[in-house]
Trainee: 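Please read through the structure below; I'll follow up with questions.
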Amino acid sequence: MSGYSAPHCGSLRASDEGHRVELYGWVARRRDHGGVTFLDVRDRWGTVQVVVRSQTETFVRNEYVIRVAGKVARRPAGSENPKMATGEVEVVADEVEVISEAKTPPFEIVDEVDADEALRLKYRYLDLRRPKMAQTLELRHRVVQAIHRYMDAHEFIEVETPMLLKGTPEGSRDFIVPSRLHPGEFFALPQSPQQLKQLLMVAGIGRYYQIARCLRDEDLRADRVVEITQLDVEMSFCTEEDVFALIEGLWAKVWKDVLGIEIPTPFPRLDMQESLLKYGTDKPDLRYELEIADVTDTLRETGATVLRGAVDAGGVVRCLAVPGGKDMSRRDLDELVLLAKGAGAKGLAWIPGPLDRHLSEGELTAIRSASGAGADDLVLLVADRRRKAETVMGLLRREIARRRKLIRQGEWKFLWVYPMYMFEEDDLGNLTYGHHPFTSPWPEDMHLLTERPYDVRARAYDCVMNGVEISGGSVRIHDRELQERVFEILGMDRERIHGQFGHLLDAFEYGVPPHGGIAAGIDRLMMAIKDTENIREVVAFPKTQSHQDLMLGAPSPVSPEQLEELHIQVVPPRKTGS
RNA sequence: GGUCCCGUGGUGUAGCCUGGCCAAACACGCGGCCCUGUCAAGGCCGAGAACGCCGGUUCGAAUCCGGUCGGGACCGCCA
C-alpha cells in the first residue's frame, strides 16, 4: 500500500490526464448502469468519479474503503460535471480492491444531513466524514495557523501553562481533579491562564500568547462549550490602544489569509452603556440597524398603568420600531410575546395595538418619534427593570432582524465595546466585578472607587463581530495596593485575599511592568466565520448541553479501586421528591 | 435552579389539536432484478416502525393526562 504518497481523490484535475494513479478513499455513491458503474470516491480533499467496467467490477457499497488503480482521463465531451471540482476528469479503473467493508451508516454521509444532532454526535466520526465538516476542521486549522504566524511576527512567544491549577471560588465553577498523593486535596482545571500570564509579565516575557484550552463547569448554551479554545495574549508596557491595534491587525490578517477579505481597521468603538441602550446587549450585531430607544421620561405621567407601574417602580420603558411591522399578524405578535415572557418580561406592548387607548396623542407621537417609526412601522414596547428591559429588547431586536431578513449577509461588522464598567450588581444585589478582579479601573474614576463603585469605568474591552463576542480583555492592575483594594471592595477579607491571590500580590513586589491583554474565543470566532449559531458545528468532538460525550459515553463511573486510591467517597444524589 | 420545544421504520417527516377509518403514510436509504455514461442516475419488485420508556383515563390511545429518560432553545449562570 502506498496511499500516503498517492494523489488525493479530490485533487485530480485535467492536468493529471493520462497519469496512472492509485487512489484510496471511501465510496460516496455508486451508480450502477449494468455494463458500467460509476463510483464517487471520497477523501478529505474531495470526491472524484471512478469508472468501473464490467470486467473489473468488484462488489462495493457506500462507505466501503477501497483502493482504485487506473488512469486519469478526460471525461467524454458533454459529460463533464461543473458541480465537482474534479468534474473534468474521471479515473478509469482497471483494479478495484476492497480494503474495508462498511455497514450502512445510521445517516447518509452527505452535506445536507438532516439527521438528529444526538445521532450525529454519537457517530461523530461519520459526521466528520461529511465534506462540510472536514472543510470546517480545515478552516479552523487555517485560522489557527494564521494566528500563529501573526503572533510570531509580532515577537510574541507561545508559552504553555499548566492544566492542573489551584482552584478559585471566584468566576465560573471549576472542574476539579483529585490528588492521589494529597488526600482530600484537589487541583482545578484552568478557566483561563489569567494569573499565569500576568506572572509571565512579571517574569519579563513581555509578549506572551497561547492557544489554550479552558474549562468552565457551567450550563451550556447554543454558543458555549465546556472546553473552549482561546487565543490568550498578554503584553507588557502597553495601553489599550496597543491591544486594539494588535487585535485589529490580527483579525485583518486572519480574514485576509483565510477568507481573502480585507476588513477595514481601526474598528469603531461603542461604550457599554450606549450598547445596552441602543442594542439591548453588550455584543451588538451591527449588520442591521434597528435601534432601541428609551421613552421612560415621556411616560412618567402616562395613563397606561402597565407602563406607569414599571416607571414608578424605578424601571424603564424601551421601544423598538419594526420596519413595515404593521403587517404582522396576531400570531406573529403572540410569538414575540412568548419570546419576551420567556426572557422574563412581564409583557409586551405594541403600537398600534390594544394599548393605544390608554396613551395620549402626545405620548403616542413621542414614542413613534423616539423609535424613528415610519407610517408602516409597528413599535414594540417593553417596560421593566432596566436590565430586564435591555435583555428583552435585545432579544426582540435580534428576532425581528431574523424574521424580517434585515441582516445583511456577507458583512463583517467589527467593533470594540469600550470602556466597560468595573463592577456590576449580581442577582442578590451584591457588588461583583464586570470583567475580572485584575482589571484596572479608569484612572479618572479612581476617586469613585469607594463611594460610587458602580460608576467606575474599567480599562476593559470586548471585540464584537456580527453579534458575537470574539475577544475580551483589559489593562491589568499592576500595583499591589490597588489590587488589594479592589479585592476588598469586592468583599473579600484579608485572609481570603492572601490565600487565593498571595502569589500574585507577592509577585507585584518584585518589579512588575504595567501590562494588559486579551483572550479570543476561537470557537466563537469560527462560528462567526462559518455564520452558524451552533457552536458544535465548529468543534470536532463536542459535548451535549448536559456535558455528555455521546460518542465516548462520558462521563462514566469509575471503579471502587480507583476511587479508593483517590480517597474519594461518592455520595449519591438525593432522589427528587422524596 | 427555572421556562419552553422535540422524541413515530436505518434516516427525515406526516398523522397527534378535533381518541376508533393507523399493526400507521410519504421521501431518502436498504435488499433483489434490469440497464455501457451517469453524477440527487433511471425502471420494476421487496423488506423494514405496535409510535422514547413507565403508569393512568377510556369500550378503545401514536393521538388525552401524569411521571421519567434523552436531545435542543432560552432566562439565571458563564471573573
Side-chain angles (χ1 to χ4, degrees), chain A residues 28-40 47-55 57 61-63 75-84 86-87 90 92 103-123 126 168-174 191-192 194-195 214-226 228 335 338-345 387-388 391-392 395 398-399 422-424 426-428 432-439 458 460 469 472 474 486-487 490 500 519 521 533-534 536 543-546 548 550 575-577:
Chain A
R29 195 151 250 144
R30 80 207 128 98
R31 291 177 293 278
D32 185 350
H33 287 248
V36 61
T37 297
F38 299 97
L39 300 178
D40 289 342
T47 300
V48 70
Q49 174 166 286
V50 171
V51 185
V52 186
R53 311 253 173 226
S54 43
Q55 55 272 25
E57 191 159 356
R61 305 201 315 159
N62 283 352
E63 302 311 321
R75 294 201 187 181
S79 69
E80 299 87 355
N81 185 347
K83 281 186 280 186
M84 295 174 80
T86 59
E90 60 192 9
V92 182
K103 294 205 286 191
T104 301
F107 51 87
E108 284 183 79
I109 315 293
V110 292
D111 275 343
E112 304 75 33
V113 268
D114 43 10
D116 186 72
E117 204 181 344
L119 194 73
R120 289 172 51 201
L121 289 176
K122 181 173 178 188
Y123 296 95
L126 296 180
T168 53
E170 281 76 36
S172 61
R173 209 173 282 117
D174 284 320
Q191 294 174 21
S192 95
Q194 182 59 38
Q195 293 182 51
C214 303
L215 300 101
R216 296 170 188 174
D217 188 5
E218 292 296 340
D219 292 350
L220 263 27
R221 287 290 180 75
D223 61 349
R224 281 187 223 158
V225 275
V226 180
I228 63 171
E335 282 170 7
L338 206 65
L339 178 79
K341 285 192 172 166
R387 270 189 60 188
K388 183 63 73 186
T391 304
V392 173
L395 282 170
R398 195 178 64 178
E399 183 65 18
M422 189 75 190
F423 302 105
E424 290 172 1
D426 68 18
D427 45 336
L428 299 171
T432 183
Y433 35 75
H435 182 58
H436 61 49
F438 314 109
T439 300
E469 182 199 319
S474 63
V486 168
F487 284 142
L490 290 165
Q500 289 302 322
E533 297 197 350
N534 180 352
R536 286 165 245 110
K543 293 187 168 47
T544 65
Q545 201 168 54
S546 57
Q548 284 182 299
L550 297 179
K575 281 264 185 336
T576 43

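Predicted model, so just to flag it, every value in this text is computed and none were measured. Quick note on labels: first sequence line is chain A, next is B, and so on, each numbered from 1.
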Trainee: Between A:Arg398 and A:Glu108, which residue's closest nucleotide on RNA chain B lies nearer the 5′ terminus?
Mentor: A:Glu108
Trainee: Drop me the distance from A:Phe38's CZ to A:Glu90's CD, to the nearest 0.5 angstrom.
Mentor: 6.5 Å
Trainee: Could you give the distance separating B:U8 and B:G52 at their P atoms, to the nearest angstrom?
Mentor: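 It comes out at 6 Å once rounded to the nearest Å.
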Trainee: Under the criterion of centre distance below 5.5 Å and interplanar angle below 30°, is A:His33 classified as stacked on the base of B:A41?
Mentor: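 So yes, this residue stacks on that base, both cut-offs being met.
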Trainee: Rounded to the nearest angstrom, tell me the gap between atom CZ in A:Arg30 and atom P in B:A40.
Mentor: 16 Å
Trainee: Could you measure the distance from the CD1 atom of A:Ile228 to the CZ atom of A:Arg216? Nearest 0.5 Å is fine.
Mentor: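 The CD1 atom of A:Ile228 sits 4.0 Å away from the CZ atom of A:Arg216.
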Trainee: What is the distance from atom CG of A:Leu119 to atom CZ of A:Phe107, rounded to the nearest 0.5 Å?
Mentor: 6.0 Å
Trainee: Within the structure provided, determine whether A:Arg31 and A:Asp40 are in side-chain contact (heavy-atom separation under 4.5 Å).
Mentor: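 Contact flag for A:Arg31/A:Asp40 side chains = yes.
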Trainee: Rounded at 0.5 Å granularity, tell me how far OG in A:Ser474 sits from CD in A:Gln194.
Mentor: 6.5 Å
Trainee: A:Met84 side chain: which of B:C78, B:G10, B:C39 is closest?
Mentor: B:C39
Trainee: Counting any heavy atom closer than 4.0 Å, what does A:Ser192 reach on the DNA or RNA strands: base, sugar-phosphate only, or nothing?
Mentor: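 Touches a base.
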Trainee: Just to confirm, is there a sub-4.0 Å distance from OP1 or OP2 of B:C30 to any side-chain nitrogen or oxygen of A:Asn62?
Mentor: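 Indeed, a polar side-chain atom of A:Asn62 lies that close.
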Trainee: Taking the side chain of A:Asp219 as its heavy atoms from C-beta onward, which of B:G37, B:G1, B:G71 lies nearest to it?
Mentor: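 For A:Asp219, the side-chain atoms sit closest to B:G1.
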Trainee: Which heavy-atom pair separates A:Leu395 from A:Leu339 by the least distance, and what is that distance?
Mentor: O-CD2, 4.0 Å
Trainee: Atom CG of A:Asp174 and atom P of B:C78: how far apart are they, to the nearest Å?
Mentor: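 Going from CG in A:Asp174 over to P in B:C78 covers 13 Å.
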Trainee: Between B:C45 and B:A40, how far apart are the P atoms? Round to whole Å, please.
Mentor: 25 Å
Trainee: Is there a side-chain contact between A:Asn62 and A:Glu108 in this structure, where contact means two heavy atoms from C-beta onward sitting under 4.5 Å apart?
Mentor: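 Side chain of A:Asn62 against side chain of A:Glu108, heavy atoms only: no contact under 4.5 Å found.
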Trainee: Is the aromatic ring centre of A:Phe38 closer than 5.5 Å to the centre of the six-membered base ring of B:U38, with the two planes inclined by less than 30°?
Mentor: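 Taking the rule of under 5.5 Å and under 30°, the ring of A:Phe38 does stack on B:U38.
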Trainee: Between B:A23 and B:C28, how far is it from one C1' atom to the other, in whole Å?
Mentor: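 B:A23 and B:C28 have their C1' atoms separated by 23 Å.
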Trainee: When we call it a touch if two heavy atoms are under 4.0 Å apart, what does A:Ser79 touch: a base, just sugar-phosphate, or nothing?
Mentor: base
Trainee: Whole Å only: how far is the CD atom of A:Glu112 from the P atom of B:U11?
Mentor: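 After rounding, the reported distance stands at 19 Å.
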Trainee: A:Leu121 CG to B:G71 P: how many Å, rounded?
Mentor: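 Rounded to whole Å, this separation is 9 Å.
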Trainee: For A:Arg61 and for A:Asp32, locate the closest nucleotide of RNA chain B by heavy-atom distance; then report the residue assigned to the nucleotide nearer the 5' terminus.
Mentor: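 Looking at the nearest nucleotide for each, A:Arg61 comes out on the 5' side.
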Trainee: Tell me whether the OP1 or OP2 atom of B:U36 has a side-chain N or O from A:Ser54 closer than 4.0 Å.
Mentor: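 So the side chain of A:Ser54 is outside the cut-off, no N or O lying under 4.0 Å from OP1 or OP2 of B:U36.
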Trainee: Any N or O donor-acceptor pair under 3.5 Å from the base of B:C39 to the side chain of A:Arg29?
Mentor: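 Per atom types, no contact qualifies.
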Trainee: Would you indicate what A:Pro106 reaches in the nucleic acid, counting non-hydrogen atoms under 4.0 angstrom: base, sugar-phosphate, or nothing?
Mentor: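 Sugar-phosphate: the residue A:Pro106, judged by heavy atoms under 4.0 Å, touches backbone atoms but no base.
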Trainee: Heavy atoms from C-beta onward define the side chain here; which of B:C78, B:C30, B:A73 lies closest to that of A:Ala222?
Mentor: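 It is B:A73.
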Trainee: With a 4.0 Å cut-off on heavy atoms, is A:Glu57 in touch with a base, just the backbone sugar-phosphate, or nothing at all?
Mentor: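 The residue A:Glu57 makes no contact with any strand.
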Trainee: Closer than 4.0 angstrom, basic N to acidic O: yes or no for A:Glu218 and A:Arg224?
Mentor: no
Trainee: With heavy atoms under 4.0 Å as the rule, sort A:Gln194 into base, sugar-phosphate or nothing.
Mentor: base
Trainee: Could you measure between the two P atoms, the one in B:U57 and the one in B:A62, and give it in whole Å?
Mentor: 16 Å
Trainee: On a whole-Å scale, what distance lies between the P atoms belonging to B:G55 and B:A61?
Mentor: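 After rounding to an integer number of Å, I get 14 Å for this pair.
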Trainee: Considering Watson-Crick and G-U wobble pairs with both distances under 3.5 Å, what does B:C22 pair with?
Mentor: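 Pair assignment: B:C22 / none.
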Trainee: Would you kindly give the CD-to-P distance between A:Glu90 and B:C39, to the nearest whole Å?
Mentor: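 Taking atom P of B:C39 as the reference, CD of A:Glu90 is at 14 Å.
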Trainee: Using purine N1 to pyrimidine N3 plus N6-O4 or O6-N4 for Watson-Crick, or N1-O2 and O6-N3 for G-U wobble, each under 3.5 Å, what pairs with B:C17?
Mentor: none
Trainee: Would you measure the distance from the C1' atom in B:C21 across to the matching atom in B:A27 and give it in whole Å?
Mentor: 24 Å
Trainee: If you go through the side-chain atoms of A:Arg224, does one of them form a donor-acceptor pair with the base of B:C77 closer than 3.5 Å?
Mentor: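 Per atom types, the contact qualifies.
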Trainee: Is B:G46 paired to anything, Watson-Crick or G-U wobble with both distances less than 3.5 Å, and if yes, which nucleotide?
Mentor: B:C30
Trainee: Starting from P on B:C75, measure out to NZ on A:Lys388 and report it in whole angstrom.
Mentor: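 Interatomic distance, NZ of A:Lys388 to P of B:C75: 9 Å.
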Trainee: Considering just the side-chain nitrogens and oxygens of A:Thr544, establish if one lies under 4.0 Å of OP1 or OP2 belonging to B:G71.
Mentor: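 Looking at the OP1 and OP2 atoms of B:G71, one of them is under 4.0 Å from a side-chain N or O of A:Thr544.
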Trainee: What residues form a salt bridge (charged side-chain N to carboxylate O under 4.0 Å, His left out) with A:Glu63, not counting sequence neighbours?
Mentor: A:Arg42, A:Arg129
Trainee: Using a cut-off of under 3.5 Å, enumerate the N/O to N/O pairs linking the protein to nucleotides 12-15 of chain B.
Mentor:
unit_1: B:G12; atom_1: OP1; unit_2: A:Asp116; atom_2: N; d: 2.8

Trainee: Phosphate oxygens OP1/OP2 of B:A40: is one of them under 4.0 Å from a side-chain N or O of A:Lys83?
Mentor: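 Result: yes.
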Trainee: Just how far, in rounded Å, is C1' of B:C77 from CD of A:Gln545?
Mentor: 13 Å
Trainee: Report the distance from atom OG1 of A:Thr86 to atom CD of A:Gln49, rounding to the nearest 0.5 Å.
Mentor: 8.0 Å
Trainee: Considering Watson-Crick and G-U wobble pairs with both distances under 3.5 Å, what does B:G7 pair with?
Mentor: B:C69
Trainee: On a heavy-atom basis, which atom in A:Leu220 and which in A:Val225 lie closest, and how many Å separate them?
Mentor: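 Closest pair (atom of A:Leu220, atom of A:Val225, distance): CD1-C, 4.0 Å.
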Trainee: Say you pick atom C1' in B:G20 and the same atom in B:G66; how far apart are they, in whole Å?
Mentor: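 Taking atom C1' in both B:G20 and B:G66, they lie 23 Å apart.
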Trainee: Rounding to a whole Å, what distance do you find between A:Arg31:CZ and B:G29:P?
Mentor: 12 Å
Trainee: Could you measure between the two P atoms, the one in B:C64 and the one in B:C6, and give it in whole Å?
Mentor: 11 Å
